[in-house]
Amino acid sequence: MDKIKATPKDFFLWVGAMLALYVGVFNYTALLWDYINYALPNPLLNNYYSYSDPYQSGISWEMASLIVLTPTFLGLMWLIRKDITKDPSRGDVWVRRWALFLTLFAAGATVVGDLIYVLYAFLNGSDLTAAFLLKALIVLLVAAVGFMHFLADLWGYWAQYPTRNRYVAIGTFVLVAVSIVSGFFIVGTPGQARLGRFDQQKVSDLQQIQSEIVNYYQAKQKLPLTLADINDPLSQYGSAPVNPETLQPYEYKTTGKTSFQLCTNFNNIATSPTYSAPIVKRASVSDNWEHVAGRVCFDRIIDPELYPPTSTPTKVPSPVN
């Protein structure tokens with residue numbers, strides 16, 4: 001019996017499908033892990049940027065990859081099975097056998113490797129929470145389902161029951177879509193994350209302004225009348241930052257000889273010790289920068305003993321009579 005030769009079409013269809021599968025599965029697993037990290041944060045493993053704005057971490061890339069790769073994989077597999085239906089010999093080409101066995105090996109190796117990782121984390125004491133169990137379960141389910149699906153393909157099950165294979169394809173598409181949409185309820189929408197970034201920048205600006213006001217007080221033993229007084233084009237500071245959302249100056253007023261007030265509007269609630277979108281309330285700033293949504297004023301009092309003058313003013317000698 002002559003050996004069935006693979007055509008360039010067979011090769012690129014299978015290579016494209018497998019690449020889409022491997023990258024898609026990796027990003028799907030990573031996406032679910034990021035959801036878990038966000039919803040069930042581990043204080044020993046937290047990355048501030050992941051929780052202050054999850055879309056600045058890997059979540060946005062993982063979502064985008066799945067949106068593109070899922071229909072790509074399903075479309076390529078549909079073309080492959082269509083060719084096999086027309087010409088059953090296409091099911092015996094070497095590239096198909098290699099792709100299936102490689103996928104089975106990768107799925108099995110993933111189960112073993114990830115189990116070693118989560119067990120290491122467990123024994124190391126760095127992850128003893130419900131998040132640990134959920135991550136382990138996700139890896140097992142994703143790898144096991146992939147292993148079973150392609151083992152059935154190797155045995156010819158899907159060729160024998162093509163209708164069931166279509167149901168699996170539809171179910172895969174729906175599962176990925178639901179996982180992506182669910183993320184908007186877990187970590188908030190990109191619009192909410194953007195509002196959170198505005199709030200973070202506002203807090204950072206107010207902290208910078210406060211620092212410059214204190215420097216001004218130490219240098220001149222008085223508070224600036226307006227924020228324009230602390231502008232210094234010769235220093236790295238330059239000029240007082242403005243509200244990044246409205247592009248208007250921040251509110252400032254003196255309330256005493258050594259006391260002042262800074263005000264601005266916030267989109268979300270921030271509480272200690274971390275900050276994020278309103279779905280999960282966290283804050284990146286110290287406790288005295290906690291705020292609610294809406295207009296918030298921060299009252300500050302400078303203690304002259306804690307912030308003494310940075311230099312002694314030079315006295316002009318009196319004229320000699």
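These figures come from a predicted structure and were not determined experimentally. Residues: numbered from 1 along the sequence shown.
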query: In terms of side-chain heavy atoms, does Glu245 have a donor or acceptor partner in Asn267 at a distance below 3.5 Å?
result: yes
Fill in: side-chain contact (heavy atoms from CB on, under 4.5 Å) evaluation trace for Thr264 with Val296
CA-CA 6 Å; Thr264 193; Val296 177; 6.0 Å; no
Residues passing the ring-ring contact (aromatic ring centres under 6.0 Å, His included) test with Phe298, sequence neighbours excluded, are Trp289
*asked:* Other residues, nucleotides and ligands only: do more than 12 of their heavy atoms fall within 6.0 Å of CG on Leu306?
replied: yes
Check whether the side chains of Tyr250 and Asn243 place a donor and an acceptor atom closer than 3.5 Å, and report yes or no.
no
For Ala20, the side chain to side chain contact (heavy atoms under 4.5 Å, CB included) test, sequence neighbours excluded, returns Leu69, Thr72, Phe73
Checklist entry - Is there a chain of hydrophobic side chains (I, L, V, M, F, W, Y, each step under 4.5 Å between heavy atoms) that links Val95 to Leu19? => result yes
With sequence neighbours left out, the residues meeting side chain to side chain donor-acceptor pair (under 3.5 Å) with Lys222 are none
Report yes or no: do Ser259 and Asp299 form a side-chain donor-acceptor pair below 3.5 Å? no
Working for side-chain hydrogen bond (donor to acceptor under 3.5 Å, both in side chains), residues Tyr216 and Asp229 | CA-CA 9 Å; Tyr216 183 96; Asp229 293 339; 4.6 Å; no
Apart from Tyr157 itself, its cluster of hydrophobic side chains linked below 4.5 Å comprises Trp158, Tyr161, Val168
Q) Going by atom types only, do Ser89 and Asp92 share a side-chain donor-acceptor pair under 3.5 Å? A) no
| Common cluster, Tyr22/Ile138, ILVMFWY with side-chain heavy-atom separation under 4.5 Å | yes
Taking every heavy atom of Tyr252 against every heavy atom of Leu225, the minimum-distance pair comes out as CE2-O, 3.6 Å
Margin query: With a 3.5 Å distance limit and no angle check, can you tell me whether Ser182 reaches the backbone of Val178 through a side-chain donor-acceptor pair?
Written below: yes
| When you look at Val139 and Trp33, which way does the side-chain contact (heavy atoms from CB on, under 4.5 Å) test go after all the steps? | CA-CA 9 Å; Val139 172; Trp33 278 38; 3.4 Å; yes
Going by heavy atoms in the side chains, are Val242 and Gln248 under 4.5 Å from each other?
-> no
Does any part of the side chain of Leu31, heavy atoms only, come nearer than 4.5 Å to the side chain of Met63, both counted from C-beta? yes
* Side-chain touch Pro244/Asp205, heavy atoms, less than 4.5 angstrom -> yes
Nearest heavy-atom approach of Ile209 to Pro241 is CG1-CD, 3.8 Å
Rounding to 0.5 Å, atoms CZ (Phe101) and CG (Leu151) come to a distance of 9.0 Å
Margin query: Apply side-chain contact (heavy atoms from CB on, under 4.5 Å) to residues Arg295 and Phe266 and explain how you reach the verdict.
Written below: CA-CA 6 Å; Arg295 187 174 181 273; Phe266 290 99; over 6 Å; no
With a 4.5 Å cut-off on side-chain heavy atoms, are Val15 and Phe11 touching? yes
Sorted by chain and number, sequence neighbours left out, side chain to side chain contact (heavy atoms under 4.5 Å, CB included) with Val181 holds for Phe185
Asp10/Arg96 ion pair, N-O < 4.0 Å: no
Ala17 and Leu76 have their tightest heavy-atom pair at N-CD1, 3.4 Å
Exercise. Hey, quick one: are Ile170 and Trp78 part of the same hydrophobic cluster, counting side-chain heavy atoms closer than 4.5 Å, chains of contacts allowed?
Worked result: no
Hits for side chain to side chain donor-acceptor pair (under 3.5 Å) against Asp83, two or more places apart or cross-chain, chain-then-number order -> Lys9
CG (Leu13) and CG (Leu79) are apart, to the nearest 0.5 Å, by 6.0 Å
Item to check | Minimum side-chain heavy-atom gap Arg81-Asn165 below 4.5 Å | outcome: yes
Verify the distance criterion only: is there a donor paired with an acceptor across the side chains of Lys202 and Asn265 at less than 3.5 Å?
no
Here the gap from His149 atom NE2 to Leu21 atom CG, rounded to the nearest 0.5 Å, amounts to 8.5 Å
From the list Phe105, Trp155, Phe150, side-chain contact (heavy atoms from CB on, under 4.5 Å) with Leu100 holds only for Phe150
Value for OG1 (Thr29) from CG (Leu32), rounded to nearest 0.5 Å, stands at 6.5 Å
In the single-linkage hydrophobic clustering (I, L, V, M, F, W, Y; side-chain heavy atoms under 4.5 Å), do Phe26 and Phe173 co-cluster? no
* Student check: side-chain heavy atoms of Ile36 and Lys135 closer than 4.5 Å -> yes
Student check: side-chain heavy atoms of Val203 and His291 closer than 4.5 Å:
yes
Is any side-chain heavy atom of Arg90 closer than 4.5 Å to one of Thr7?
yes
Assess the residue pair Ile301 and Thr255 against the criterion (side-chain contact (heavy atoms from CB on, under 4.5 Å)); give the C-alpha distance rounded to whole Å, side-chain angles, the decisive distance to 0.1 Å, and a yes or no. CA-CA 9 Å; Ile301 299 176; Thr255 56; over 6 Å; no
Quick one: do Leu262 and Tyr307 end up in the same hydrophobic cluster if we chain Ile, Leu, Val, Met, Phe, Trp and Tyr together by side-chain heavy atoms under 4.5 Å apart? yes
The residue among Leu175, Ile180, Val23 that forms side-chain contact (heavy atoms from CB on, under 4.5 Å) with Tyr28 is Leu175
Do Arg300 and Gln261 have a side chain donor and acceptor closer than 3.5 Å? no
Nearest heavy-atom contact between Leu227 and Asn231 is O-OD1, 3.5 Å
- [ ] For Thr254 and Gly256, indicate whether the former's side chain and the latter's backbone hold a donor-acceptor pair under 3.5 Å.
- [x] no
Rounded to the nearest 0.5 Å, the CD1 atom of Ile230 sits from the CD atom of Gln210 at a distance of 11.0 Å
Review point. Hey, does the side chain of Gln218 reach the backbone of Pro308 with a donor-acceptor pair shorter than 3.5 angstrom?
Key: yes
Nearest heavy-atom approach of Tyr217 to Pro304 is OH-CG, 3.6 Å
Shortest non-hydrogen pair, Ala99 vs Trp14, comes out as CB-CE3, 3.6 Å
Rounded to the nearest 0.5 Å, the CG atom of Leu104 sits from the CG atom of Asp153 at a distance of 9.0 Å
